[in-house]
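Comments concern the structure below.
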Amino acid sequence: MTGQAERRIALIAAVDATLAVEFDGDGAELSRRWLPAGELSGWVAAREAEGPVRWVIRTAHDFLPQLLRDGVRVNRIHDLLLCHAVLRDTAAVPHPLPASPSWVRREPSDDAPALFDVVDAEDSGASAEDVLDQYRAQLRVIEEAEDGRLRLLCAAESAGALIAEEMHVAGVPWHAQTHDEILTATLGARPPGGGPPRRMVELAEEIREHLGDRSLNLDSQPKLLRALHRAGVLAESTSKWELAEYDHPAIAPLLEYKKLSRLLSANGWAWLAEWVHGGRFRPTYVVGGVVTGRWASSGGGALQLPRALRAAVRADAGWKLIVADVAQLEPRMLAAMAGDEAMAHAARGRDLYAGVVESGAVSTREEAKYAVLGAMYGATTGDSGRLVPRLRKVYPRAMALVDDAARAGEDGGVVSTRLGRSSPKPSAHWQQLQSRATDADAGEADVAVARRRARDWGRFTRNFVVQGTAAEWSLIWLAEIRHRLQQLPDAATAAPASALFAHRAHLAFFLHDEVILHVPEEQAEAAAAAVREAAAVATRRLFGGFPIDVPLDLRIAESAEK
DNA sequence: ATCGTGGGCGCG
DNA sequence: AAAGCGCGCCCACGAT
């Protein structure tokens with residue numbers, strides 16, 4: 001934060017121009033001017049150069065693509081759509097934001113307008129008065145939380161929106177040749193005339209032979225299941241967990257086939273051709289796409305890249321990757337949120353699960369892992385469910401926090417993250433089920449169904465507080481990383497990696513608790529330090545002085561391969 | 001032909 | 001080795 005006062009300028013899109021309205025901290029208008037289409041980027045860049053500005057915009061995607069295309073980066077925004085969702089649902093203040101349909105993000109991809117979508121001033125947004133009124137209303141809610149939680153949450157959410165747009169433009173450096181080599185080594189060569197690769201053809205032949213059905217379509221679940229039954233494998237499904245239980249010569253090649261088939265269909269040559277261009281994979285991130293505050297993605301399965309392909313994430317010549325993730329972020333958040341000193345003590349150092357074992361609650365690391373995950377997810381059966389009660393003895397405060405969250409959900413209530421993002425209310429249908437079950441003439445079946453749905457929702461709210469707070473930590477981490485990278489000077493030696501980030505370290509990928517940076521070689525150490533400092537700041541912003549370790553696994557490398 | 005759904009599996 | 005949270009995507013299949 002600089003000491004200089006922050007200017008606030010709203011940008012409102014119209015047909016061929018943009019209206020820029022500057023206003024003061026009380027929302028009073030100071031000036032207003034129209035910027036013809038060709039002048040927006042230059043004008044914005046000039047205002048940025050004068051000192052800190054917060055750009056108030058309907059949503060990042062309205063302006064950032066064009067600004068970034070023109071090589072202009074801004075430092076702070078307020079994304080009204082994203083903050084509307086947060087402030088409308090928050091239970092952190094007595095008077096949350098009134099819901100307004102015009103400030104709800106439209107679900108069908110706002111990325112590319114459909115062919116016949118009319119994008120006019122009315123459709124793409126709102127009048128200047130609408131924008132200013134909405135921003136003022138949001139500020140009132142933000143101010144109502146005297147501890148600044150909502151201010152931090154909205155700033156972090158907005159920074160995320162900005163970073164998501166920048167990462168889309170930057171892309172993940174992707175080495176197509178490495179990807180192709182992995183595919184060929186795993187799946188076998190592609191036949192010149194098309195069709196499945198060699199290794200899959202061989203496996204399919206082998207499986208059909210063992211199952212005695214020469215024309216079996218292995219990709220049809222019902223047909224495969226019937227063939228397995230005929231061969232004496234009486235599985236109820238064709239999932240790999242279940243199949244692995246059976247002893248039959250077809251099983252091993254079948255499991256291998258399913259693995260290869262998945263790789264081919266999800267991230268095979270077709271994926272490579274569709275999603276990697278010019279050495280970059282450009283996923284579209286959907287900030288706040290998950291109710292807990294996590295990001296979702298659309299296109300290319302960005303958040304499901306298989307580990308086997310990580311070797312294809314490779315820095316450009318003269319550049320490096322910083323690959324960093326947090327080990328066991330969620331239980332660490334839980335310990336800190338609950339102020340559970342004992343659990344925080346177990347979390348000291350790299351491996352929280354080892355600490356849980358040392359506490360005497362369980363005897364092996366595996367048990368610790370299942371117990372902790374079971375506590376956060378609400379496991380009731382299996383080994384995980386059996387281990388959870390042991391944690392209640394050792395970490396009563398942490399367990400009380402998640403147990404209370406679950407109870408609130410079962411009762412139809414709302415729970416909140418550390419910064420005040422609140423869970424949605426259960427659906428009207430859910431509430432009907434519950435009230436019907438309490439009627440005098442409710443049947444046993446009604447009661448059972450209601451009970452089950454109540455527990456389902458309780459597991460959701462139990463996890464919400466933990467997953468959502470972890471998402472907040474990660475957003476602040478991201479924002480602080482970007483802030484520090486902005487302070488680094490341009491690198492002198494590295495070849496330009498892209499037009500926008502020619503000589504600059506930049507964020508390239510984000511996945512819940514992990515980041516990948518693409519950085520000029522000479523700045524690798526400085527960028528790594530930025531990532532570490534940012535993590536420390538995120539922890540302090542969320543939990544003040546509470547002593548919780550959030551250690552990073554960080555390496556500087558050519559590729560993202562483990 | 002096109003759409004919605006469920007099984008299955010990748011990620012955290 | 002599983003079942004307990006959150007996702008997106010591919011495929012086959014049945015309904016339209």
Side-chain angles (χ1 to χ4, degrees), chain A residues 109 196 216-226 235-246 254-255 257-268 270-271 274-275 283-310 325-331 333-334 364 366-367 369-388 402 405-406 409 415 417 423-424 452 455-471 473-474 509-515 560 562:
Chain A
S109 157
L216 177 62
N217 175 10
L218 295 171
D219 299 325
S220 164
Q221 192 265 357
K223 287 172 185 155
L224 175 58
L225 193 57
R226 281 197 292 275
E236 284 180 22
S237 77
T238 61
S239 68
K240 63 179 182 182
W241 303 272
E242 202 185 340
L243 292 182
E245 306 283 312
Y246 290 85
L254 180 54
L255 293 178
Y257 177 89
K258 286 163 80 77
K259 203 169 111 189
L260 302 193
S261 171
R262 162 80 193 189
L263 177 61
L264 177 66
S265 70
N267 296 98
W271 183 92
E274 185 179 355
W275 291 104
T284 298
Y285 297 95
V286 184
V287 176
V290 182
V291 277
T292 57
R294 273 188 175 184
W295 292 11
S297 73
S298 83
L303 275 43
Q304 302 110 254
L305 292 175
R307 306 183 80 79
L309 283 183
R310 295 181 57 117
D325 71 334
V326 185
Q328 305 122 15
L329 176 60
E330 294 188 356
M333 297 296 104
L334 172 56
T364 68
E366 281 298 277
E367 283 186 342
K369 187 172 167 180
Y370 287 118
V372 168
L373 290 176
M376 295 188 304
Y377 293 162
T380 53
T381 62
D383 287 354
S384 181
R386 271 194 295 283
L387 291 165
V388 173
V402 283
V415 297
T417 60
S423 63
R452 201 177 68 232
R455 290 222 173 87
D456 290 346
W457 195 253
R459 285 195 303 277
F460 164 65
T461 52
R462 169 189 292 271
N463 187 244
F464 183 97
V465 293
V466 180
Q467 189 182 113
T469 300
W473 186 93
S474 295
F509 187 67
F510 169 59
L511 178 55
H512 307 320
D513 61 2
E514 169 182 12
V515 294
K562 273 270 181 198

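As the structure is a computational prediction, the values presented were derived from the model and not from experiment. Below, chains carry the letters A, B, ... as their sequence lines are ordered, and counting in each starts from 1.
- Although no hydrogens or angles enter the test, the distance criterion places a donor-acceptor pair under 3.5 Å between the side chain of Ser423(A) and the main chain of Val415(A).
- The distance from atom CG of Asn217(A) to atom P of dA12(C) is 6 Å, rounded to the nearest whole Å.
- Atom CH2 of Trp275(A) and atom P of dG8(C) are 13 Å apart (whole Å).
- Distance Asn267(A) CG to dC9(C) C1': 10 Å, rounded to the nearest Å.
- For Thr381(A), a side-chain nitrogen or oxygen approaches OP1 or OP2 of dG4(C) to under 4.0 Å.
- If you check every strand for non-hydrogen atoms under 4.0 Å, Leu305(A) touches sugar and phosphate atoms only.
- Note on Arg307(A) versus Glu514(A): no salt bridge recorded, every NZ/NE/NH1/NH2 to OD/OE distance being 4.0 Å or above.
- Base-pairing analysis of DNA chain C finds the following stems of at least three consecutive Watson-Crick or G-U pairs, with both pairing distances under 3.5 Å: B:1-12 with C:5-16.
- Glu330(A) comes within contact range of no nucleotide atom at all, as no heavy-atom separation falls under 4.0 Å.
- Atom CH2 of Trp295(A) is separated from atom P of dG8(C) by 15 Å (rounded to the nearest Å).
- Comparing Glu366(A) and Asn463(A), the nucleotide of DNA chain C nearest to each residue sits closer to the 5' end for Glu366(A).
- Contact annotation for Asp383(A): base contact, defined as any heavy-atom pair under 4.0 Å involving a base atom.
- The two residues Asn267(A) and Pro306(A) make their nearest non-hydrogen contact at OD1-CD, 3.2 Å.
- Side-chain proximity of Ser384(A) to dG4(C), dG6(C), dC11(C): nearest is dG4(C).
- Note: CG (Leu218(A)) to P (dC11(C)) measures 15 Å, nearest angstrom.
- Within 4.0 Å (heavy atoms only), Arg462(A) reaches no atom of the nucleic acid at all.
- Counting any heavy atom pair closer than 4.0 Å across all strands shown, Trp241(A) reaches sugar-phosphate atoms only and no base atom.
- No contact: Ser261(A) has no heavy atom under 4.0 Å from any strand.
- Base contact: Gln467(A) has a heavy atom under 4.0 Å from a base atom.
- Every salt bridge (Lys or Arg N to Asp or Glu O under 4.0 Å) that Asp383(A) has, sequence neighbours left out, goes to Arg386(A).
- Within the nucleic acid shown, Gly385(A) has no heavy atom closer than 4.0 Å to any nucleic acid atom.
- Rounding to the nearest 0.5 Å places OG of Ser298(A) at 11.5 Å from OH of Tyr285(A).
- Each of Gly299(A) and Val290(A) lies near DNA chain C, and the nucleotide nearest Val290(A) is the one positioned closer to the 5' end.
- Regarding contacts with the backbone of dC5(C), a side-chain N or O of Arg459(A) is found under 4.0 angstrom from either OP1 or OP2.
- Residue-level contact check: Gly301(A) touches the backbone only, with heavy atoms under 4.0 Å from sugar-phosphate atoms and none from bases.
- Here Leu243(A) contributes atom CG and Leu224(A) contributes atom CG; the two are 7.0 Å apart, rounded to the nearest 0.5 Å.
- Following rounding to the nearest Å, Leu373(A) (CG) and dA3(C) (P) show an atom-to-atom distance of 15 Å.
- Using a 4.0 Å cut-off, no side-chain N or O of Ser298(A) falls inside it from OP1 or OP2 of dG8(C).
- Ring pair Phe460(A)/Phe464(A) is perpendicular by interplanar angle, where above 60° counts as perpendicular and below 30° as parallel.
- Between the side chain of Thr284(A) and the main chain of Gly299(A), no donor-acceptor pair closer than 3.5 Å is present.
- For the pair Gln304(A) CD and dC9(C) P, the computed distance is 6 Å after rounding to whole Å.
- Between Glu242(A) and Lys258(A), none of the side-chain N atoms (NZ, or NE/NH1/NH2) sits under 4.0 Å from a carboxylate O, so this pair counts as no salt bridge.
- No side-chain donor-acceptor contact under 3.5 Å links Thr469(A) to the backbone of Val466(A).
- Side chains of Thr238(A) and Leu225(A) form a contact here, defined as non-hydrogen atoms less than 4.5 Å apart.
- The separation between Tyr257(A) atom OH and dC11(C) atom P is 11 Å, rounded to whole Å.
- Here the range on DNA chain B touched by chain A, meaning any atom under 4.0 Å from one of its heavy atoms, is dG7(B) to dG12(B).
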